[in-house]
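Below, chain A is the first sequence line, B the second, and so on; all start at residue 1.
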Amino acid sequence: MSASTATTVAQQSSRVIIMTQKWITGAGVGVVFLALCWWFPLFRIVKLETLRERSKAETFDAESVAAELWQQELPNALSRAASLSQVSKVRAEDPAVVKERYGRRLGISRAYFLLVRGEGTIISVGHSTLNVSLEDAAAGDVELKLGPVLGNAVRDSVGFVEASQLPNAQQFNDLGAALNRQVETSVISPLKEQAKEGRRITFVGCAQINNEQRDWNPLRLVPIQVSVSD
Amino acid sequence: MFRIVYICIYCMVLGIMALSMAGCRGGSSETSSSATAGADTGGGKEAKIAIVISTLNNPWFVVLADAAKERATELGYEATVFDSQNDTSKETSHFENILAGKYAAILFNPTDADGSVANVRKAKERGVPVFCIDREINASDAAAAQILSDNYSGCVEIGTYFVEQVGEEGEYIELLGLSGDNNTTNRSEGFHSVVDRFPGLKMVAQQSADFDRTRALEVMETILQGHGDIKAVFCGNDAMAMGAYQALATAGKAEQVKVFGFDGADDVVRLIGEGKIAATGMQFPKVMARTAAEYADEWIKGKRDFDQKIPVAVELVTQDNVGEYGDHGRTAE
């Protein structure tokens, strides 16, 4: 082996060692980087549905709260219900007084909620509603809901809970939906079986009035207590 | 080649370390800030009110900001608007500047229901009241009051009208807003509380478009490639409704597919009048913004007993009543 060949081999060996050192250092930095990413990820992908379910499960059991409120607070609410005969008389004189005297408003709104009681005769039974001719003929007819209960007429008429009492609107809305299901199960299901034309009915119901012309003709109520007899 | 890769990895590691250190600094400044003096709440003409808005990239929020600023100015305050650009870290930075700048009150449209709570608490510790507008935070003991659209009930109304217009059978799409915003969930859940009662209505795609018009256009174009037979699209805000409508018009499906929005933006109200968009939920940004400014004024003058949550009703706008609405509210007012 000549001297120049030996030098070239030595230089190549030295270069290989330097390259190997660089690769080892690079790999080490890479491992540190991957470890950091593993322990402190830059972002996580979470399904929206998972997020919602987790949030609900961790914080609030709307069904239990609704069931408890229904049992404890309903008698008080029923005792506050205004007579439809009286409300109709006041409305005939001045509709604005009904809103002020009997209406319950939530925050800043034109709409208001009513909690009323009445009695009369069932004049027709449909798929999702039944119509009642009130005993006080001057008060006209009302329509009672038999189908799915939607919106917040029940929650905001009975006023069991105020929006400010819960940490966020989601829970307030979940409570409204749970109260609707409570009404469907405990009031509307039995009513569907008993409702027949010509039978007498006494009821307490909730209404949301968005539009004075449309929502009184007839008044549409979600029943929260009913009694049907022959 | 190896050297470039090596330098890139090295820079990324350094970047992560820098970010971690920045996070640590943020934590310590929050602690020390509570020891500094409170803001000027003495009232009077000299007092300043800060208006922090989630994004000014959406015209609806510009209306919110302008109405708040106008009312605060009318009440005699120097009002400044801060744009968080939908970025919680920018929002935090604004709060630090505001608290250092001795503002008397903050009118606040948060970027994130959870992520924004710390900012509000920090202001409360410094004696500066925060009045949330339109978007809520997930705490009922931090803000002085929260003036919020009743999104859920508004979307119950839209859902009911949706079933009337679309029928009880057919395929539809939903475009969601920002995932961290409670409004996204409340609107979607209000809508589904009605529509899900009709098993014949099938949601074939549900995707976020971040409340953004351009993003909605892109998302809608992609979805339409796989679902050309839809009857309707429900959008969590009007900016997305405009983007969805644009995609449908380009695809020649604008007359076949009914678009439902939420907000009551002027361009959507106009398109409802022209029969091109089916409905929207009219929020009242000016009412909310003015109320927040008035509450701040009352706070500065000594009042403290505000309801924590003040829901503001949302009204359904359709072709039947579109004449009653415009300029982000009722035309009669």
Side-chain angles (χ1 to χ4, degrees), chain A residues 19 22-23 25-37 39-42 45-49 51-52 55-56 59 105-112 128 147-153 155-156 162-174 176-177 180-181 184 208 210-211 214, chain B residues 2-3 5-6 9-10 12-13 16-17 19-20 113-114 136-141 145-153 155-157 159-160 176 179-180 182-186 188-190 193-194 196-198 206-208 284 287-288 291 306-316 321 330:
Chain A
M19 285 292 285
K22 281 183 177 176
W23 275 107
T25 313
V29 171
V31 168
V32 170
F33 174 68
L34 289 173
L36 280 169
C37 286
W39 292 107
F40 306 104
L42 297 172
I45 296 171
V46 183
K47 282 186 179 176
L48 268 175
E49 206 54 41
L51 205 64
R52 285 178 194 160
S55 156
K56 281 182 190 173
T59 53
R105 269 192 290 179
L106 198 68
I108 300 169
S109 172
R110 280 200 298 186
Y112 61 96
S128 59
V149 180
L150 308 171
N152 292 317
R155 182 195 69 187
D156 296 331
E162 300 290 339
S164 298
Q165 290 175 278
L166 294 170
N168 61 44
Q170 271 167 266
Q171 295 180 359
F172 194 47
N173 295 326
D174 287 346
N180 288 347
R181 286 189 285 274
E184 286 175 9
Q208 179 172 351
N210 292 324
N211 180 305
R214 188 191 63 203
Chain B
F2 171 79
R3 186 164 291 176
V5 173
Y6 182 83
I9 292 173
Y10 194 73
M12 287 169 84
V13 171
I16 289 167
M17 289 171 72
L19 282 172
S20 304
D114 290 313
E136 73 176 337
I137 54 166
N138 282 336
S140 52
D141 61 346
Q146 303 189 56
I147 300 135
L148 312 166
S149 274
D150 192 351
N151 291 282
Y152 184 93
S153 301
C155 285
V156 167
E157 299 276 326
T160 307
L176 296 161
S179 60
N182 284 4
N183 288 354
T184 298
T185 312
N186 293 334
S188 181
E189 289 190 349
S193 73
V194 178
D196 290 359
R197 293 299 189 102
F198 300 90
Q206 182 189 46
Q207 204 168 322
S208 173
F284 294 91
V287 171
M288 288 190 281
T291 305
F306 294 92
D307 282 340
Q308 175 60 211
K309 302 272 177 75
I310 298 100
V312 179
V314 174
E315 298 183 5
L316 180 69
N321 65 358
R330 283 188 289 273

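- The ring pair (Phe, Tyr, Trp, His ring centres under 6.0 Å) test applied to A:Y112 returns no partner, not counting sequence neighbours.
- Of the listed residues (B:R197, B:M288, B:Q308), the greatest number of heavy-atom pairs within a distance under 4.5 Å of chain A belongs to B:R197.
- Between A:R155 and A:L106, some side-chain heavy-atom pair lies under the 4.5 Å cut-off.
- Ranking B:T160, B:V194, B:N183 against chain A, the residue ahead of the rest is B:V194, based on heavy-atom pairs under 4.5 Å.
- Looking at A:A169, both its backbone and its side chain come within 4.5 Å of chain B, counting heavy atoms on both sides.
- Heavy atoms of A:N210 lying under 4.5 Å from chain B belong exclusively to its side chain.
- A:N152 touches chain B through its side chain: at least one heavy atom from C-beta onward sits under 4.5 Å away, while N, CA, C and O do not.
- Of the two parts of B:Q146, neither the backbone nor the side chain holds a non-hydrogen atom closer than 4.5 Å to a non-hydrogen atom of chain A.
- In this structure, A:E184 contributes its side chain and A:V149 its backbone to a donor-acceptor pair below 3.5 Å.
- At a 4.5 Å heavy-atom cutoff, B:L148 makes no contact with chain A through either its backbone or its side chain.
- Per-residue heavy-atom pair counts under 4.5 Å with chain A were compared for B:L316, B:I310, B:N186, and the maximum is reached by B:N186.
- Take B:D196 and apply the side-chain contact (heavy atoms from CB on, under 4.5 Å) test, not counting sequence neighbours, and it matches B:Y172, B:H192.
- Looking at every heavy atom in both residues, B:N182 comes nearest to A:Q170 through OD1-OE1, 3.3 Å.
- No donor-acceptor pair under 3.5 Å is formed between the side chain of B:K309 and the backbone N or O of A:Q165.
- When side chains are defined from C-beta on, B:Q206 counts as touching B:S188, because their heavy atoms get closer than 4.5 Å.
- Only the side chain of B:D150 comes within less than 4.5 Å of a heavy atom of chain A; its backbone N, CA, C and O stay farther away.
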